[in-house]
2 protein chains.
Amino acid sequence: MSEDIISWTNQGTAFIVYNQDLLEKNVLQNYFKHSNYSSFVRQLNLYNFKKVKSNEGFIFRNNFFRKGTKSMLQLIKKRNQEDSAIQFAVQGEHASRQKQEQNLFKECAIDIKQTNTNLKEDMKLLQETSSCLIDQMQNLNYVIYNQNVDIELKFKQVGQMLQAINEELKSEKQSDSQTLNQSLVRKEDCYQDSKVGSPNPYVDYNSTALNPLDYECFLDSFF
Amino acid sequence: MSEDIISWTNQGTAFIVYNQDLLEKNVLQNYFKHSNYSSFVRQLNLYNFKKVKSNEGFIFRNNFFRKGTKSMLQLIKKRNQEDSAIQFAVQGEHASRQKQEQNLFKECAIDIKQTNTNLKEDMKLLQETSSCLIDQMQNLNYVIYNQNVDIELKFKQVGQMLQAINEELKSEKQSDSQTLNQSLVRKEDCYQDSKVGSPNPYVDYNSTALNPLDYECFLDSFF
DNA sequence: GGGAATATTCCC
DNA sequence: GGGAATATTCCC
């Protein structure tokens, strides 16, 4: 009897194989192009049947395989279909994302490279500007130094002249000490006059400068 | 007879099927898990057999399928094998190229990063240089300003002294116009004496300076 | 002829 | 159990 070889479980929600040898020779032959129990099980696995140990022994079950409900059989699908479809989709998705990411990196790299190029150019200009500024600064230092030397020389000459005049006036003062005091007074009057008459534009007559003739200590301040 | 159903061509380089029906029922059954001529042809195609019209009729040939040479049969390969091999190779190639491209980006990124590091260092140096230049510039401004103040002060004092001397000489000139020429001569003697007697350390007596009293044209050189 | 789905086999 | 090769079927 076929029931001694393979049959439904008590609940009619799974089936049990009692005799593999007889199943191969008497049953599979009639339904498949083979008579191998292993091929049969392979197909069960492909269609998502599960081999479970129950109180009745090892049974094969599938949620949509039940006694008396043939209409549910259409819900039994090959797992590989979904799997391979999902796998394919996943692979495609993966490749696609990788490609997208790579494109982002590409754009990013190009952008950064352009930025770097611009920065390099800016840097070059700045370095040239800086170099130019340094040159100008050195030149300015040189000019100022030379001006200083020139001015010092001229002041030295002025000092010499004033020294000479000082000696001259001293010797005159010695010959007539009276005249000096007189001339000082007279000078101050004259000083006031010149301020009114034709003022020298380079002289600040209201300054707190030294007494003009007291130039000995004044000369010291030059050197 | 089997020769009435399927047989070698005259040259033994191909075979002819004379009777499809009998082939299915009497032959295929024994060699395959089916008895369909179409499935048989499908397999021939998969193994790269070609259906050719010869003078003997339609024949199936494959370069490695010849009468009496069983050893050549191993060279008969499933075309799909090559196909899938090629496909695999193509996929691999694709992945490899993508990987190469990715490596290029990687190197590029490293290069850019190095460039950025260098730029940052250059920038830092430039900023320091710039900062230094600004300091020097400020210092220079300060020096020039002080020099200017110093020079103005000295000119003011010189101006005052010259003004005073001018007044002094004017009054002497007025009292005796003859004395002026005399005093010029006398001053030059005095000048020589002071050189020998107590030389002013700030005066270079051997300089090519102007005649001390010839200060009118000398003053012009100042302004 | 051959692509694609499914079945069978082989093997880990 | 399930991956992978191969076979068979179905369909364009």
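Only heavy atoms go into these numbers, but all of them, side chains included; no hydrogens, no water, no symmetry mates. Residue numbers start from 1 in every chain, and the chains themselves are labelled A, B, ... in the order their sequence lines are given, proteins ahead of strands. Predicted, not measured: the structure shown is a model, and the values here were computed from it.
- Relative to the side chain of A:Arg42, the nucleotides C:dA4, D:dA4, C:dG1 differ in distance, and D:dA4 lies closest.
- A close approach under 4.0 Å does occur between a side-chain nitrogen or oxygen of B:His34 and OP1 or OP2 of D:dT9.
- For B:Asn45 and D:dT8, the CG to P distance is 14 Å, given to the nearest whole Å.
- To the nearest angstrom, P of D:dT6 lies 15 Å from CZ of B:Phe32.
- Counting heavy atoms from C-beta outward, B:Glu121 and B:Thr117 have side chains that approach closer than 4.5 Å.
- Computed from coordinates, the B:Leu44 CG to D:dT8 C1' distance equals 13 Å when rounded to whole Å.
- Between A:Leu46 atom CG and D:dA4 atom P there is a gap of 13 Å when expressed in whole angstrom units.
- Checked against side chain to side chain contact (heavy atoms under 4.5 Å, CB included), B:Gln147 has the following partners two or more places apart in sequence or in another chain: A:Ile144, A:Asn148, B:Val143.
- Side-chain N/O atoms of B:Asn36 include none lying less than 4.0 angstrom from OP1 or OP2 on D:dT8.
- Applying the 6.0 Å contact sphere to CE of B:Met137 captures no more than 12 heavy atoms from other residues, nucleotides or ligands.
- Atom P of nucleotide D:dG1 and atom CG of A:Asn62 are separated by 14 Å, given to the nearest angstrom.
- Side chain of A:Gln43, nearest nucleotide from D:dG1, D:dT9, C:dA7: C:dA7.
- The side chain of A:Tyr47 contributes an N or O atom lying less than 4.0 Å from OP1 or OP2 of C:dA7.
- Between the C1' atom of D:dG1 and the CZ atom of A:Phe58 lies a distance of 13 Å, rounded to the nearest Å.
- A straight line from OH of B:Tyr31 to C1' of D:dA7 spans 18 Å, rounded to a whole angstrom.
- OP1 or OP2 of C:dT9 has at least one side-chain nitrogen or oxygen of B:Lys33 nearer than 4.0 Å.
- With sequence neighbours excluded, the residues forming a side chain to side chain contact (heavy atoms under 4.5 Å, CB included) with B:Phe105 are A:Gln102, A:Lys106, B:Glu101, listed by chain and number.
- Two rings, from A:Phe155 and B:Phe155, have their centers less than 6.0 Å apart.
- Between the CZ atom of B:Phe40 and the C1' atom of C:dG2 there is a distance of 17 Å, rounded to whole Å.
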